[in-house]
Amino acid sequence: MAEITASMVKELREMTGAGMMECKKALAEAEGDMDKAVDVLRTRGLAAVEKKAGRATNEGLVMTMLNDECTHGAVVELNCETDFVAMNDKFKAYAERIARAALECSPVDVENIKSATEGGETVEAILTDCIHVMGENCQISRVAEVEAPAVTSYIHAGGKIGVLVNFDVEGIDPASEGFQKCGRDVAMQVAALNPVSATRESVPADVAAHELEIYKAQAAESGKPENIQEKIAEGRMEKFYKENCLSEQDFVKNGDVTVREYVDSCAKELGGKIAIKGFIRCALGE
């Protein structure tokens, strides 16, 4: 049996766009003959991957995944060419597998996730199979993960927006139904209102400084005394925090309370403490 070298696999892969394992198997079947190996891949439909690689991928979906303990979450954006494929259950299953692999990949990014495995297959092989089965160019454009004492997730509009929210908790099981319901409500808030940060303390310093300068300039236009201008600017900054910091926003499901007040009520009911610490919001195409 002919020896199959890494350089042979690389050459075949560059010629066809097929996955590494598929190329190695094809070369073994063809006993090292490159032309025959190409024919093997063409017969299986895998060589068509290369032809699809240049096509625009403006559709797709966002998928989130949590570990069983709900202390680790991952979010993946998998793109394709058409909305028809994005809505297909098979395409969603590929996205789920890639998101599951992301939980085991550290550090996770678009490149190194390709070597991560799920179900005995690399993500690169899963992606190649996705392209073959769906008949469209499919690409991973974004992937992120978060580890915390507690994590919840939410998918909006069938995969157009995916959210992970991380919390500090005391005396509460993050995998419990009660906590996950509370956390899902918070994640829905993130999807709906797209806050700047979790708390006012976590607003990026440059963002806060820029907003304050604008409000000071607006106040100066009023012609009022400087001490009044300062109060006007501070008042508008407070409004900015209330509208753009997740914890301080009015809760979309009950406008009579803020998100923090809602979370505090959940914590009391569950017999512990809950604090929102951060979130990841991934919208398709952004």
Side-chain angles (χ1 to χ4, degrees), residues 60-79 86 92-113 116 118 123 140-170 172-199 201-204 244-249 251-253 259-260 262-263 266-267 270 272-286:
L61 60 82
V62 179
M63 181 65 63
T64 60
M65 187 68 59
L66 299 179
N67 66 351
D68 292 339
E69 295 77 20
C70 298
T71 56
H72 189 189
V75 59
V76 169
E77 180 178 345
L78 180 62
N79 298 115
K92 292 178 182 177
Y94 284 115
E96 286 180 0
R97 292 190 67 189
I98 294 169
R100 194 173 294 113
L103 288 175
E104 304 301 323
C105 181
S106 182
V108 65
D109 59 37
V110 171
E111 285 307 313
N112 67 26
I113 193 178
E118 198 285 323
V123 167
I140 303 167
S141 61
R142 278 186 294 178
V143 57
E145 53 93 29
V146 61
E147 287 191 79
V151 183
T152 60
S153 69
Y154 173 67
I155 293 292
H156 180 69
K160 299 301 183 185
I161 299 174
V163 175
L164 296 173
V165 183
N166 55 293
F167 304 81
D168 278 344
V169 294
E170 290 182 25
I172 295 173
D173 177 4
S176 66
E177 183 179 348
F179 174 77
Q180 284 296 310
K181 178 185 180 303
C182 172
R184 178 181 167 82
D185 284 341
V186 176
M188 287 174 64
Q189 177 94 13
V190 174
L193 295 188
N194 192 16
V196 170
S197 67
T199 64
E201 292 77 17
S202 58
V203 173
N244 293 281
C245 298
L246 174 61
S247 297
E248 299 184 36
Q249 288 178 334
F251 185 37
V252 291
K253 296 178 75 171
V259 173
R260 179 183 286 119
Y262 167 68
V263 169
C266 291
L270 295 170
K273 295 181 180 179
I274 304 172
I276 304 169
K277 301 305 291 183
F279 60 83
I280 296 172
R281 184 183 188 273
C282 182
L284 182 67
E286 286 186 357

How long is the span from the [atom1] atom in [X] to the [atom2] atom in [Y], to the nearest 0.5 Å?
| X | Y | atom1 | atom2 | result |
| --- | --- | --- | --- | --- |
| Leu270 | Glu170 | CG | CD | 13.5 Å |
| Ile98 | Leu103 | CD1 | CG | 13.0 Å |
| Cys245 | Glu201 | SG | CD | 8.0 Å |
| Met188 | Leu193 | CE | CG | 11.0 Å |
| His156 | Arg281 | NE2 | CZ | 8.5 Å |
| Ile172 | Lys273 | CD1 | NZ | 10.5 Å |

Side chain [X], main chain [Y], donor-acceptor under 3.5 Å:
| X | Y | result |
| --- | --- | --- |
| Arg260 | Glu248 | no |
| Asn112 | Cys105 | no |
| Gln189 | Val252 | yes |
| Arg142 | Val75 | no |
| Asp168 | Ala275 | no |
| Ser247 | Ala198 | yes |

For the residue pair [X] and [Y], what are the closest heavy atoms and their distance?
| X | Y | result |
| --- | --- | --- |
| Ala148 | Asn166 | CB-CB, 3.5 Å |
| Leu284 | Gly60 | CD2-O, 3.5 Å |
| Val110 | Ile140 | CG1-O, 3.4 Å |
| Glu77 | Gly285 | OE2-N, 3.0 Å |
| Val76 | Ala102 | CG2-CB, 4.3 Å |
| Ser153 | Leu164 | CB-CD2, 3.7 Å |

Side chains of [X] and [Y] in contact at under 4.5 Å (non-hydrogen atoms):
| X | Y | answer |
| --- | --- | --- |
| Val165 | Tyr154 | no |
| Val259 | Val186 | yes |
| Cys70 | Asp173 | no |

Heavy-atom neighbours of Lys277 NZ exceed 12 at 6.0 Å:
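Counting neighbours around NZ of Lys277, 12 or fewer heavy atoms of other residues, nucleotides or ligands fall under 6.0 Å, so no.
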
Residue Glu96 excluded, over 12 heavy atoms near CD under 6.0 Å
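Yes, CD of Glu96 has more than 12 neighbouring heavy atoms, counting only those of other groups under 6.0 Å.
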
Can you tell me how the ring of Phe167 sits relative to the ring of Phe179, calling it parallel under 30°, perpendicular over 60° and tilted otherwise?
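Because their plane-to-plane angle is over 60°, the rings of Phe167 and Phe179 count as perpendicular.
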
Among all residues two or more places apart in sequence or in another chain, which pass the salt bridge (Lys or Arg N to Asp or Glu O under 4.0 Å) test with Lys92?
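Result, salt bridge (Lys or Arg N to Asp or Glu O under 4.0 Å) vs Lys92: none returned.
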
If the condition is salt bridge (Lys or Arg N to Asp or Glu O under 4.0 Å), which residues does Glu145 pass it with, not counting sequence neighbours?
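Salt bridge (Lys or Arg N to Asp or Glu O under 4.0 Å) check on Glu145 returns nothing, list empty.
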
